[in-house]
Amino acid sequence: MWSELFPLLAGGVAVFVGAVVQGGVGFGLGLMASPLIAITNPDAMPGAVQVVNATLPLFTLAVEWRGVDWKGLGFAVLGRLPGSVIGAVVVVYVSTRALGVLVGVMVVIAVVLTARAPAVPRNGKTIASAGFLSGITGTATGIGGPPMALVYQSARGTQVRATLAFFFLFGALQSLGILAVVGKLPARALGIGAALIPFMILGFAVSGPLRRRLDGGRLRVAVLTVAAVSACTLIGQSLARW
C-alpha cells in the first residue's frame, strides 16, 4: 500500500508547490510537477499533469478573467494547434529526451538575452511562435509555460495570469484529446491526475499573498526566474531519462 501511496503524495506535494507558483506568476505547475511525477509514476505521464493543467486555469479565470488579452490569445491558440500535433508525434515516435534538452537550452538562452535587453516584443508573430513551441513541449513533456511567459513578461500581472490561464486551459484539453487519439492516455493517468486535483486547489488557495506581492512590480523578475528554473528542470529531467 505504501508503495502506491508514496508516489501519489510526492506528486501531490509537487502539484501543491506548482499551484502556488502558477497562482502567483501565471505558470509553473508543469515545471514543479512533471519531473517528480515522471520519476514516481512514469506511465502516467504526460496525461496526469495535463489533467491538473486543465483544472487550475478555471480557478485563475474565476478570479481574473477580465485581464485576458483576447487578441494575443487568438494568435497563441493559432500557433498551438499545429504545435500540439507535432508534440503528439514526438510522444509516439521521437525521443522526448532530446527534445527536452533542446527546448531547455533554447529557453535558457532566451532568458539570458531578455534579462540583459528589453523585453521580447509582443506581437502576432512572437505570440504565435511561442504558442507553437508551447504546444510541442506541453504535449510531449507537460512543461509548456516558458515560451508564452517570456513573451508576456512585461505585461500586467492580471493580464499575464489570465491570458496564460485561458491558453493553458485550451492547450491542456487539446493535448488530452490528442494523447487519447494516439493511444497515449491510459485510464491510470486520468485517475492519478484526478487524485492530484485537491493538492492543486489547496496550492491555489494559498497563492493570494504571492499574487499581491508580485503585482507590486516584481513580476518580470519572477517570470524570468521561473522560466530559467523550468528550463533547467526540463534539461535535468530529459538527461535523467537517457
Side-chain angles (χ1 to χ4, degrees), residues 17-32 52-81 83-84 107 110-111 113-135 137-138 143-175 200-201 203-231:
V17 175
V20 174
V21 174
Q22 183 158 319
V25 180
F27 74 112
L29 178 59
L31 146 71
M32 300 295 178
V52 186
N53 280 340
T55 308
L56 179 56
L58 298 175
F59 292 84
T60 301
L61 290 171
V63 177
E64 299 183 302
W65 65 270
R66 294 179 181 84
V68 175
D69 173 19
W70 294 106
K71 182 178 179 181
L73 180 64
F75 284 111
V77 169
L78 186 64
R80 199 187 199 284
L81 288 169
S84 294
V107 171
V111 168
L113 291 177
T114 55
R116 298 172 60 88
V120 177
R122 193 164 72 249
N123 52 49
K125 184 180 296 185
T126 58
I127 295 175
S129 298
F132 175 74
L133 186 57
S134 179
T137 60
I143 301 176
M148 284 293 295
L150 288 174
V151 175
Y152 275 91
Q153 63 182 279
S154 60
R156 301 186 317 275
T158 54
Q159 187 178 60
V160 174
R161 290 187 294 268
T163 304
L164 292 186
F166 218 115
F167 176 75
F168 291 150
L169 172 62
F170 171 83
L173 293 175
Q174 181 191 24
S175 294
M200 178 273 297
I201 295 175
F204 180 81
V206 302
S207 68
L210 180 59
R211 281 198 299 275
R212 291 190 290 271
R213 183 173 179 80
L214 292 176
D215 285 347
R218 304 176 179 87
L219 186 64
R220 183 170 186 261
V221 174
V223 166
L224 292 176
T225 300
V226 176
V229 174
S230 177

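The basis for the numbers below is simple: all heavy atoms, side chains too, and nothing from hydrogens, waters or symmetry mates. Just so it is clear, the structure is predicted and the values come from calculations on it, not from any experiment.
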Chemist: Report the residues that fulfil side chain to side chain donor-acceptor pair (under 3.5 Å) with S175, sequence neighbours left out, ordered by chain and then residue number.
Modeler: R80, T139
Chemist: Which atoms form the tightest heavy-atom contact between G67 and A162, and what is the distance?
Modeler: C-CB, 3.7 Å
Chemist: Considering residues at least two apart in sequence or located in another chain, which fulfil the side chain to side chain contact (heavy atoms under 4.5 Å, CB included) criterion with L58?
Modeler: L169
Chemist: Considering residues at least two apart in sequence or located in another chain, which fulfil the side chain to side chain contact (heavy atoms under 4.5 Å, CB included) criterion with A155?
Modeler: R122, Y152, Q159, V160
Chemist: From I201 CD1 over to T55 OG1, what is the distance, rounded to the nearest 0.5 angstrom?
Modeler: 8.0 Å
Chemist: Indicate the atoms forming the closest heavy-atom contact of Q22 with G28, along with that distance.
Modeler: OE1-N, 3.4 Å
Chemist: Is it the case that atom CZ in F166 sees more than 12 heavy atoms from other parts of the structure closer than 6.0 Å?
Modeler: no
Chemist: Using the salt bridge (Lys or Arg N to Asp or Glu O under 4.0 Å) rule, collect all pairs that involve residues 163-172, keeping only residues at least two apart or in two chains.
Modeler: none
Chemist: Sort out for me which residue in V20, N53, V52 forms a side-chain contact (heavy atoms from CB on, under 4.5 Å) with M200.
Modeler: V52
Chemist: Any non-hydrogen side-chain atom of V68 less than 4.5 Å from a side-chain atom of L61?
Modeler: yes
Chemist: Ignoring hydrogens, what is the shortest heavy-atom contact between P147 and S134? Give both atom names and the distance.
Modeler: CG-N, 4.2 Å
Chemist: Calculate, to the nearest 0.5 Å, the distance between atoms CZ and CG belonging to F27 and L150 respectively.
Modeler: 7.0 Å
Chemist: Would you name the heavy atoms of P209 and V206 that are closest together and state the gap between them?
Modeler: CD-O, 3.5 Å
Chemist: What residues form a side chain to side chain donor-acceptor pair (under 3.5 Å) with S207, not counting sequence neighbours?
Modeler: R211
Chemist: Pairs in or reaching into residues 156-166: which pass salt bridge (Lys or Arg N to Asp or Glu O under 4.0 Å), with residues at least two apart or in two chains?
Modeler: E64-R161, R161-D215
Chemist: Please report the shortest heavy-atom distance between F168 and P57, naming the atom on each side.
Modeler: CB-CG, 4.0 Å
Chemist: Evaluate the side-chain proximity of M148 to F167: yes if any heavy-atom separation is below 4.5 Å, no if none is.
Modeler: yes
Chemist: Could you pull out all residues at least two apart from T126 that satisfy side chain to side chain donor-acceptor pair (under 3.5 Å)?
Modeler: N123
Chemist: Mind checking what makes side chain to side chain contact (heavy atoms under 4.5 Å, CB included) contact with V63, not counting sequence neighbours?
Modeler: F204
Chemist: Just jot down the side chain to side chain contact (heavy atoms under 4.5 Å, CB included) partners of F132, sequence neighbours excluded, or say none.
Modeler: P82, I86, I136
